[in-house]
Amino acid sequence: MNIFRYFDEKITATCQEIIPGLTDAQIAASGKTLEVPRDPAHGDLSTNAAMVLARPAGGKPREIAELLAPTIREYEGVESVEIAGPGFINLRLTPGFWRRTLGEILREGARYGASAIGAGTKVNIEYVSANPTGPMHVGHTRGAVFGDALASLMRKAGFEVTREYYINDAGAQIKILAESVFLRYREALGEKIGEIPEGLYPGDYLIPVGEAIVKKDGGKWLSASEDIRAQYMANAAVMAMMALIKDDLARLNIRHDGFFSERILHSSSQNAHRIEQEEGYFSGVGFDIDAYYAAHTDPDKTAIQEAVDTLEARGLIYTGVLEPPKGKPPEDWEPRPQMLFRATQFGDDVDRPLKKSTGEWTYFAADIAYHYSKFQRGFSQMIDVFGADHGGYVKRTTAAVAALTDGKASLDIKICQLVRLLRDGEQVKMSKRSGNFVTLREVVDEVGPDAVRFMMLFRKNDAPLDFDFAKVTEQSKDNPVFYVQYAHARICSVLRNVQEVFPEMDWAATGRGEGALDPLQDPDELSLIRMMASWPRMVESAAAAHEPHRIAFFVHELASAFHGLWNRGNDNPQLRFILSGSKDVTLARIALIRAVQMVIASALEILGVEPVEEMR
RNA sequence: GUGCCCGUAGCUCAGCUGGAUAGAGCACAAGCCUUCUAAGCUUGGGGUCGCAGGUUCGAAUCCUGCCGGGCACGCCA
């Protein structure tokens with residue numbers, strides 16, 4: 001149950017009933033909220049209803065509050081109502097209400113916190129989308145974890161979520177990759193290749209790709225025509241790199257529902273099916289070609305052409321000449337007429353080119369088609385997770401989505417800021433040129449997936465993040481990963497111990513009987529329930545804001561409250577969870593901490609962190 | 001030069017989409033504990049929410065202009 005929704009609906013009904021001449025629409029538009037006040041002296045719940053309705057109702061806030069208070073005071077579970085400050089109505093709920101809430105939390109079990117606000121809306125979350133030219137490095141990790149947790153969060157909130165990976169398997173970098181692999185192929189055939197030439201990918205991870213091709217085909221590619229050979233090398237390389245990337249991601253327990261190939265956007269249906277039949281390329285990279293064409297309306301055209309036609313039909317394509325970019329010296333800038341998209345009509349700074357001087361489509365043109373495909377596949381909400389260096393790309397992409405979908409679909413782009421790796425307080429220097437970059441795999445192998453995931457989520461996505469190797473593995477209160485895990489493990493430990501003290505009791509049914517929870521009297525016990533009561537709302541607001549970090553902070557706070565109660569048991573043994581002299585009190589407290597355990601586990605599940613049962 | 005993000009306690013950061021006297025951890029200070037409910041506890045000091053205007057019952061939050069830091073900015077992907 002969501003106590004906020006419960007009381008909010010009651011208050012809305014009361015407003016409709018008590019305040020004369022107020023329309024439902026006015027109430028809906030008022031911005032009326034129900035919140036937990038920061039200061040506990042202001043009660044358990046507080047509403048601004050009287051203040052925001054004062055104007056449409058034509059009265060003074062405190063007068064309106066006086067009008068509403070008597071009815072609210074009669075709600076079941078309300079202990080007292082006060083009018084305070086400029087017109088807040090503060091509700092204090094009875095201990096009995098909180099204990100009943102705990103009972104409901106336990107009955108709902110693992111489902112508790114799930115919400116229906118998503119209403120089955122189809123959401124496409126695109127994240128990682130690292131270029132398939134090598135293993136994942138630590139820079140990709142934050143976006144990967146963020147996107148994955150956001151997907152879980154939105155699922156919990158009732159959205160129908162698809163996790164998607166966009167494979168940038170077209171363009172110049174793939175040609176370079178193909179050349180690099182061809183070199184490794186020759187090397188595998190016994191040729192001395194010496195230094196890897198400037199501009200090619202030097203990484204060792206391409207060596208096995210070359211060897212695999214030799215094993216399969218022998219030397220036959222040495223004599224093949226350049227076009228065919230390059231395409232073959234590219235395909236083999238991308239397939240191998242995607243396998244590598246998927247394996248890296250699996251170490252962080254990240255699995256996408258779908259992979260989308262940029263290359264297919266450049267292909268007609270016939271051509272794409274031929275590639276699949278001859279080379280198994282699309283299935284090799286994980287792209288479901290049949291599912292794509294099922295949603296694609298015109299298989300004889302390329303997807304890019306189709307998207308551009310759509311824009312053209314709306315008068316959003318024209319030929320024009322762009323100003324040279326400002327700030328930097330123009331160097332080899334040459335003005336020329338080119339095909340442009342009217343991005344400025346949708347909030348972008350300049351109109352954007354769709355074709356290169358070579359006649360090929362730009363990357364942006366393909367990206368337009370990609371987002372159009374998402375829309376065609378029925379996604380009305382799209383979320384892209386980008387790295388900090390792609391911030392400049394936000395406006396044009398949202399502009400394209402607005403233009404293509406006529407405002408029927410929304411795109412939210414989440415930017416993940418940089419991660420600074422620290423070892424012994426010193427920043428770990430990375431540079432691509434020297435090949436000295438830390439891979440995702442290295443980090444996960446060193447500190448484990450749980451620590452990586454939690455730390456990456458324990459910060460707002462648009463704030464830079466320090467990742468300190470020493471800190472994330474430290475066993476102390478200062479390490480939030482440990483602190484939260486430890487709370488869960490402590491509860492597990494109590495649940496193990498209680499079976500020895502009261503072996504005959506049925507703990508599976510803890511606290512479900514009438515009055516069984518009455519022994520919960522201590523204010524800290526009740527405030528633990530209060531905190532858990534806000535869990536469903538936390539899920540909803542975090543999901544609506546696309547901010548999984550809120551879940552991490554919430555679970556840290558809940559763990560902190562639990563540890564606080566535990567610590568009081570050190571000084572006062574009467575407050576311990578297991579009282580060998582009192583079965584009833586033990587039963588109620590076990591019920592309480594079982595709920596805490598469950599909510600912690602639910603939160604960790606969203607974050608993708610394993611709730612451990614004991615600390616080692 | 002333009003756009004985006006950030007600016008909150010000495011440090012690292014939250015702040016529930018506009019609510020009441022702005023919070024937490026670290027660090028600092030004082031006191032407690034030497035235990036198996038181990039991987040510490042309690043209390044306290046500490047703030048011009050970058051600056052200046054504006055919007056309204058009410059602003060850290062929204063708008064404008066500055067200041068400071070980061071990231072981008074051409075047919076790359």
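Here is the naming used below: chain letters follow the sequence lines, and residue numbers restart at 1 for every chain.
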With both distances under 3.5 Å as the test, what is the Watson-Crick or G-U wobble partner of B:C26?
-> B:G10
Can you tell me the distance, in whole Å, between the CD1 atom of A:Ile593 and the C1' atom of B:U37?
-> 11 Å
Mind calculating the distance between CG (A:Asp571) and P (B:U37) to the nearest angstrom?
-> 15 Å
Look at A:Glu82 together with A:Arg92 and state whether they make a salt bridge at an N to O cut-off of under 4.0 Å.
-> no
B:A9 to B:U17 separation - P atoms, rounded to the nearest Å | 23 Å
Nearest-angstrom distance from the residue atom NZ of A:Lys477 to C1' of B:A27 | 14 Å
Nearest-nucleotide 5' precedence on RNA chain B, A:Asp351 against A:His563 = A:His563
With respect to the phosphate group of B:C16, does any side-chain polar atom (N or O) of A:Arg550 fall under 4.0 Å of OP1 or OP2?
-> no
Flag the pair A:Asp468 and A:Arg423 as a salt bridge only when some basic side-chain nitrogen lies within less than 4.0 angstrom of an acidic carboxylate oxygen.
-> no
Should the pair A:Arg589-A:Glu525 be classified as a salt bridge under the 4.0 Å nitrogen-to-oxygen rule?
-> yes
A:Lys32/A:Asp8 salt bridge by N-O under 4.0 Å criterion = yes
B:G19 versus B:C49 - spacing of their C1' atoms, nearest Å = 16 Å
Do A:Phe88 and the base of B:A20 stack face to face, with centres under 5.5 Å apart and an angle between planes under 30°?
-> yes
Would you kindly check whether a donor in the side chain of A:Thr362 faces an acceptor in the base of B:A77, or vice versa, at under 3.5 angstrom?
-> no
Rounded to whole angstrom units, what separation is found between the CG atom of A:Asp462 and the C1' atom of B:G69?
-> 15 Å
Would you give the length of the straight line joining atom CE of A:Met455 to atom CG of A:Asp450, rounded to the nearest 0.5 angstrom?
-> 13.0 Å
Side-chain donor or acceptor of A:Ser357 under 3.5 Å from a matching atom on the base of B:C75?
-> yes
5′-ward residue of the pair A:Gly392/A:Thr33 relative to RNA chain B = A:Thr33
Distance between the C1' atoms of B:C13 and B:A29, in whole angstroms?
-> 23 Å
Tell whether A:Tyr393 reaches the base of B:A72 with its side chain through a donor-acceptor pair below 3.5 angstrom.
-> no
Which glycosidic conformation, syn or anti, is assigned to B:U34 if syn requires a torsion within 90° of zero?
-> anti
A:Met615 near the nucleic acid: base, sugar-phosphate alone, or nothing, with a heavy-atom cut-off under 4.0 Å?
-> base
Geometric cation-pi criterion, A:Arg490 with A:Phe562: 6.0 Å, 45° = no
Using a cut-off of less than 4.0 Å, is there contact between a side-chain N or O of A:Asn567 and OP1 or OP2 of B:C41?
-> yes
Selected nucleotide, minimal atom distance to A:Pro37 side chain, candidates B:C75, B:A20, B:G19 = B:A20
Sticking with atom P, work out how far B:G40 lies from B:G45, rounded to a whole angstrom.
-> 25 Å
Over how many whole Å does the gap from A:Arg38 atom CZ to B:A24 atom C1' extend?
-> 13 Å
To the nearest Å, how far apart are A:Phe386 CZ and B:G70 P?
-> 24 Å
Given B:C16, B:A77, B:G15, which nucleotide is nearest the side-chain atoms of A:His549?
-> B:G15
To the nearest Å, give me how far apart CG (A:Asp348) and P (B:G74) are.
-> 12 Å
Considering every strand shown, what is the Watson-Crick or G-U wobble mate of B:G53 when both distances are under 3.5 Å?
-> B:C63
What is the pairing partner of B:G31, taking Watson-Crick or G-U wobble pairs with both distances under 3.5 Å in any strand?
-> B:C41
base_contact_polar (B:A39 base, A:Asn479 side chain, donor-acceptor, <3.5 Å) | no
Taking atom types as they are modelled, is there a donor-acceptor pair under 3.5 Å from the base of B:C57 to the side chain of A:Arg55?
-> no
Which of the following nucleotides, B:C13, B:C57, B:A77, is nearest to the side chain of A:Lys356?
-> B:A77
Counting side-chain heavy atoms from CB outward, which of B:G40, B:A20, B:G15 is closest to A:Glu547?
-> B:G15
Under 3.5 Å: donor-acceptor pair, side chain of A:Thr47, backbone of A:Ile89 | no
Do A:Ser560 side-chain atoms and A:His556 backbone N/O form a donor-acceptor pair below 3.5 Å?
-> no
Please indicate yes or no: is the ring centre of A:His390 less than 5.5 Å from the centre of the six-membered base ring of B:A72, with the two planes inclined by under 30 degrees?
-> no
Given B:G19, B:G15, B:U37, which nucleotide is nearest the side-chain atoms of A:Met51?
-> B:G19
Does any nucleotide pair with B:G3 by Watson-Crick or G-U wobble geometry, both distances under 3.5 Å, and what is it?
-> B:C71
Length of the CH2-P vector between A:Trp566 and B:U35, whole Å = 18 Å
